[in-house]
Structure formats: C-alpha cells, structure tokens
Amino acid sequence: MTAIQESEKPDIISTPSSTINVTFHEYDERDPMNFPYKTKWILTLVACAFTGIVGAASTSFSMGYQSMMRDLNCTQFQATVGLSMWSLGFGVVPLITSSFTEEFGRLNIYIVSSFGFMLTEIMIALSPNIQTVLLGRLLEGVFGSTGATLVGGSIADIWQAHERGQPMAVFTLASVAAQGVGPLIAGIIEADPRLGWRWIQWIHVIFSGAYFISVLLLMKETRTTIVLTRLARKKRKETGDNRYQAKAEIEKESLITLIKISCTRPIYLLATEPIVQSFSLWIGFTWGVVFALVESISPEFQAVYGFDIQGAGFIFSTLIFGSFIGYFANMYQEKLYQKYYPRKRQEARLYLPCIAATFLPIGMIIYAWTARPEIHWIAPAIGLTVFMSGAFVIYMVVFLYLADCYGTYASSAIAGMSLCRNFAAGAFPLFTTQMFARLTYRWGLTLFACIGAALVPIPWVLFFYGSRIRARSKVSRKILDDEELRELTGK
C-alpha cells in the first residue's frame, strides 16, 4: 500500500458491504466548505465576474443597431431579434447543461463556457450578414448561460446557508448592474464613426479573453461530489484496492438520466408549485420590462431630449445606480433575516421585497409621465433608478427564497424560474417596439406599471401565508420532513 501524508488522507468509513466509503474528515481544507475565507472570496468574485461580462454583452448589443443596420443592410426588427436570440439560448440550454456538472464538475464547465463565449463574440464581430449575427447571439446565450446556472451553485458549494446573503448580493450586483454598464460603454463606442457595432463586440472579446485566463489561474473545483470522486480514484490508484468509493460514485446515475431529470423536474415544479409559479411570473414580468427598457431608453431620450447615442448610453448609468441602491438596501434585509429567521423561517427573506415590489410601478410611472421636453431629463432618469433598485431586490430574493424553500430541489426550482425569466426577456423586445409605436411610450409604460401594481401582492401573500402554502405542497412537505429528521438525528 502506498503511504500518503496524514494531511492528504481522506476519511475512510468502512461499511458492512465490500465498499470503503471515502469522505472528508472534520475541518478538511479540501472540503470546499472549509476553504480559507480569502479563497472563498476569490472564487466568488471570479465566478461573479463571468456573470457581469455576460450581463454586459446581453444588453450592449442594442446600442449598435444603427451602425449594424448600415453595414449589414438589415432592418431594426432583424437587429432586435438578435437581442431576443440571446435570451432564447440563455433560457433553454441550462435545462440540459446543468446536469453536466454532475459528470464533469464546475471548473471544466467554466473553462469550456468562457472560451466558447469568447469565440462566439469573435464570430459576431466578423459576421458578414445579419443571419450570422443572429446565430452568434444564440450561441453566445448558450455559452453565457453558465453565468447564471453555475455561479449560484458555486456559492452554495463554499458558503454555509447563513453566509450566502453577501456573496449572493455580489452575484446579483454583477448581473444587474452589468445591464447598465454594457450599454453605457457601447454608446461611447457607437458614437465614434470609426468604430461602430463591430468594436462593441471586440471590446467584449478582450474582456472575455482576460476572464478565460483568470479562470485557468484562479478557479478551483468546488463541487463536493467531484472532489470526493477524484480522491477515491486517487486512493484506488495508490492502493490498488477497488473497494475505495465515494458515495457519489455508488449512487451515480447515467448522464442521460441526469439530463432527463434536469429537463423535466423544473417544468414539473413550474406546473405544480404555487411559490415557483408566482415568483416566475413576478421575475418574468420584471425582467421582460428591463429588456423592453433596454430597447426603448436610447430612442426615447434621443427623440424627446435630442440626445446623441453617446448621451443616451450614459442614461443607462441609472440602471447601475439603481443596482447599487438595491445592493446596500440588501444589507439591511440581511440583518432582518438574521433577526427574524427563528420566528418567520424562510419568509424572513421577504421584508424588503414587500416594499421593493411597489418600486416597480412607481418607477415606471415616473419614467412614463416625466419624459417630455418641458421636464428636465433627470426626472425620467430618477424613475429608471427607482425601478431598477426594486428590480435588483426582486432578482436577488427570487434566488435566495427559492433556495431556502426547496432545499435539494432548489436548482430545479430556480431553473424553472429562469426559463420564464429569459423567455420574457426574449419576447418583450419583439412586441414592445410596435406597442410603443401605437400606444406611445407614455401609455405603454403606464400599462406595464398597472401590471406591476397588480403583482405587488405576491411577496405580501407569501410573507403571511408562505408556510401554509408550503405545507400543502408535496415537494415542500418532503423537504420539511427531511429537515425535521435531520434535526431529530442531529445531522
């Protein structure tokens, strides 16, 4: 038997069968949950950086419409389809690829996705026609979807449940604020006649390439099952004893089975769970409006206030300011969560969202009714900031609340919600241009504000009745029974 150092030894648990279970010993630093604090934050920031890069790429595309229409001889509607194609790839593919982490681990998926994302941006930058651009945007969404599907899992791998509030806030800030950073920078590029839409993509290529290098240098595998499987494989190689097995190897299902589960379970939860349904409706509408605003902000401020494309791009800084307001407000929400969790349990996440829900219709009303030549442009900009601060809080709480409520099924619940969110983000830009043309921006946004007002009761209902709703759910009852069993057994 090959000797190994004590610090390198995994915990070996003998079982009645012929299998010797390989697991972590207490305080084992190879366990992602026991990584040093500094390492945890490095991994968190690197993962969240991908979310930011992907978010910026999703919206900056719209700022290059004019030069793209000129260079490729396409219509504005065809260019808008490119905005929607990204959301289509981003929403559907994770249902399939999310199961790949069980087989290949998170690190390998980060490497492949970040490299593929960079290649698709090169493809778009070199596109000779609009058809190639549309295909590139679809593939960009496919590879970029890792930004949402893996980062939350990576955070869950290394942070305990009560520690995840701040890392998830950074994840949300990177995702939401980037929606404003991308168009802001793209507006400056589009304003220079020597650059245009292709250089918007080349700038993204530069950032994506730098990120790919950072993944190779800084990221580590964080999925516990993969780490233990590799330790068991190493132990078998060193000892020649095939009895050494990780639990994940013994219980491992085929990749086809995992893909089937990852495709069907989110749809099942979306069809049967009222909490998933209500939150999917809420975030779907909110994200659809965000992408509708991305489509409308530039032409609105150009038409009403005579802004050039660069000036219109700077208006997207309101999305950044709104995101930071939501980020700092979340710090107070975290204090409320820690204080009231023993009494309110999962619903302690909903104090701030109950207030933030009103920010959506209020912000849209301010934007809709103050965007007129006789009123200073700062007024509609304030409306956008109010809207985005509410959207930030909603985006974040959806992830945290669903994770708290659905435990081991959280990834499926979040996948179902994300499917609705990205479908709405893809669909809204396709009809809002025509809607605004017929109703005007003022009345179109007022219609959105009325719908947003109708959705305000969602967090209030869940705040007061969430526990009762979960008690009637088969999935939630199973999770509650498992939690009670762990409490009784002390595990």
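Using a distance-only test at 3.5 Å, with no hydrogens or angles considered, a donor-acceptor pair links the side chain of E221 to the main chain of R223. At distances below 3.5 Å, at least one donor-acceptor pair connects side-chain atoms of S278 with backbone N or O atoms of P274. At least one donor-acceptor pair closer than 3.5 Å links the side chain of Q277 to the backbone N or O of L270. The backbone N or O of G55 lies less than 3.5 Å from a partner atom in the side chain of S58, making a donor-acceptor pair. The closest donor-acceptor contact from the side chain of S84 to the backbone of G426 lies under 3.5 Å. A donor-acceptor pair under 3.5 Å links the side-chain atoms of Q333 to the main chain of L352, judged by distance alone. The backbone N or O of V276 sits less than 3.5 Å from a side-chain atom of S280, completing a donor-acceptor pair. Judged by distance alone, with hydrogens and angles left aside, the side-chain atoms of Q338 form no donor-acceptor pair with the main-chain N or O of K335 at under 3.5 Å. For N330 (side chain) and G326 (main-chain N/O), no donor-acceptor pair under 3.5 Å exists by modelled atom type. Listed for the T385 side chain is a donor-acceptor partner under 3.5 Å among the backbone atoms of A381.
For the pair S60 and I185, the minimum side-chain heavy-atom distance is 4.5 Å or more. Taking the side chain as every heavy atom from C-beta outward, I297 and Y367 approach each other to under 4.5 Å. Between E300 and F436 the shortest side-chain heavy-atom distance does not fall below 4.5 Å. Side-chain contact between Y337 and L400 is absent, with no heavy-atom pair separated by less than 4.5 Å. Contact annotation: the side chain of Y268 never approaches that of E273 to less than 4.5 Å [non-hydrogen atoms, C-beta and beyond]. Residues V398 and M417 form a side-chain contact, since some pair of their non-hydrogen atoms from C-beta on lies under 4.5 Å apart. Using a 4.5 Å heavy-atom threshold, the side chains of L419 and I267 count as touching. Side-chain atoms of F143 and S114, non-hydrogen and from C-beta on, never get closer than 4.5 Å to each other.
Remark: E347 pairs with R470 by the salt bridge (Lys or Arg N to Asp or Glu O under 4.0 Å) rule, at least two apart or across chains. Considering only residues two or more places apart in sequence or on other chains, R349 meets the salt bridge (Lys or Arg N to Asp or Glu O under 4.0 Å) condition with E334, D404. In this view, E374 and R372 satisfy the side-chain contact (heavy atoms from CB on, under 4.5 Å) rule, not counting sequence neighbours. Applying the side-chain contact (heavy atoms from CB on, under 4.5 Å) rule to K339 yields no partners; only residues at least two apart in sequence or on another chain are considered. For Y327, the side-chain contact (heavy atoms from CB on, under 4.5 Å) partners are Q166, A169, V170, L173, M331, F392, not counting sequence neighbours. The side-chain contact (heavy atoms from CB on, under 4.5 Å) test applied to N422 returns F90, S418, not counting sequence neighbours. Residues that satisfy the ring-ring contact (aromatic ring centres under 6.0 Å, His included) test with F431, not counting sequence neighbours, are F428.
Within the structure, the side-chain hydrogen bond (donor to acceptor under 3.5 Å, both in side chains) test picks out no pair touching residues 375-384 (sequence neighbours left out).
Using cut-offs of 30° and 60° on the angle between ring planes, the pair F61 and Y65 is perpendicular. Ring geometry, Y401 versus F279: the interplanar angle falls under 30°, so the pair is classed parallel (tilted spans 30 to 60°).
Nearest heavy atoms, K40 versus P32: CE-O, 3.9 Å.
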Check: Could you go step by step and tell me if R106 and D157 meet the salt bridge (charged side-chain N to carboxylate O under 4.0 Å, His left out) rule?
Finding: CA-CA 10 Å; R106 299 199 196 279; D157 288 341; 2.5 Å; yes
Notebook entry, point to check: Should L43 and M219 be marked as a side chain to side chain contact (heavy atoms under 4.5 Å, CB included) after you check the CA-CA gap, both sets of side-chain angles, and the distance that decides it?
Noted result: CA-CA 6 Å; L43 297 176; M219 283 298 282; 3.9 Å; yes
Notebook entry, point to check: Would Q302 and S298 count as a side-chain hydrogen bond (donor to acceptor under 3.5 Å, both in side chains) if you check the C-alpha gap in whole Å, the side-chain angles of each, and the deciding distance to 0.1 Å?
Noted result: CA-CA 6 Å; Q302 286 179 297; S298 181; 3.3 Å; yes
Side-chain donor-acceptor contacts of residues 450-463 below 3.5 Å, not counting sequence neighbours, with atom names and distances?
| from | atom 1 | to | atom 2 | distance (Å) |
| --- | --- | --- | --- | --- |
| W460 | NE1 | C354 | O | 3.1 |

Name each donor-acceptor pair under 3.5 Å that joins a side chain in residues 283-291 to protein atoms two or more places apart or in another chain, with its distance.
| from | atom 1 | to | atom 2 | distance (Å) |
| --- | --- | --- | --- | --- |
| T286 | OG1 | W282 | O | 2.8 |

Expected list for residues 441-448: side-chain donor-acceptor pairs under 3.5 angstrom, two or more places apart:
| from | atom 1 | to | atom 2 | distance (Å) |
| --- | --- | --- | --- | --- |
| T446 | OG1 | W369 | NE1 | 2.9 |
| T446 | OG1 | R442 | O | 2.7 |

Identify every side-chain donor-acceptor pair in residues 314-325 under 3.5 Å, counting partners at least two apart or on other chains, and give the distances.
| from | atom 1 | to | atom 2 | distance (Å) |
| --- | --- | --- | --- | --- |
| S317 | OG | F314 | O | 2.6 |
| T318 | OG1 | I315 | O | 2.7 |
| S323 | OG | A177 | N | 3.4 |
| S323 | OG | L319 | O | 2.8 |

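You'll find the ring centres of F387 and F359 outside the 6.0 Å limit.
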